[in-house]
Amino acid sequence: TALAAVFGDWGPAAVAATVVGYGLYLLQAGLVHAWQAFGARTHLGVETIVRKTFSLVFAGFLLYFGARALEAADAWPF
């Protein structure tokens, strides 16, 4: 969808909506994986914590910049 939005010339609002959609997907996936990892009674390695943190931070950046792009395109839904 992201490639179609960029190369299909759908306009900035569609590209921003695609970024926000992917950010929401990555956020929920990261939260589910973090919930499963931190809910387990096993010892977590540093690599696991770093990977989960990076995916959540990346999702936050996608959501922030996608929301700013929607606002700039006057397509803000709220």
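A pairwise comparison of heavy atoms in Leu63 and Gly23 identifies CD2-C, 3.8 Å as the closest pair.
Considering only residues two or more places apart in sequence or on other chains, Tyr64 meets the side-chain hydrogen bond (donor to acceptor under 3.5 Å, both in side chains) condition with Arg68. Scanning for side chain to side chain contact (heavy atoms under 4.5 Å, CB included) contacts around Ala13 gives Ala73, Ala75, with sequence neighbours left out.
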Under 3.5 Å, which donor-acceptor pairs do the side chains of residues 53-62 form with other protein atoms, sequence neighbours left out?
from  : atom 1 : to    : atom 2 : distance (Å)
Thr53 : OG1    : Ile49 : O      : 2.7
Ser55 : OG     : Lys52 : O      : 2.9

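Val19 and Leu26 fall within the same hydrophobic cluster, defined by Ile, Leu, Val, Met, Phe, Trp and Tyr side-chain heavy atoms under 4.5 Å apart, directly or through other members. Residues Val20 and Leu27 fall within the same hydrophobic cluster, defined by Ile, Leu, Val, Met, Phe, Trp and Tyr side chains chained together at heavy-atom separations under 4.5 Å.
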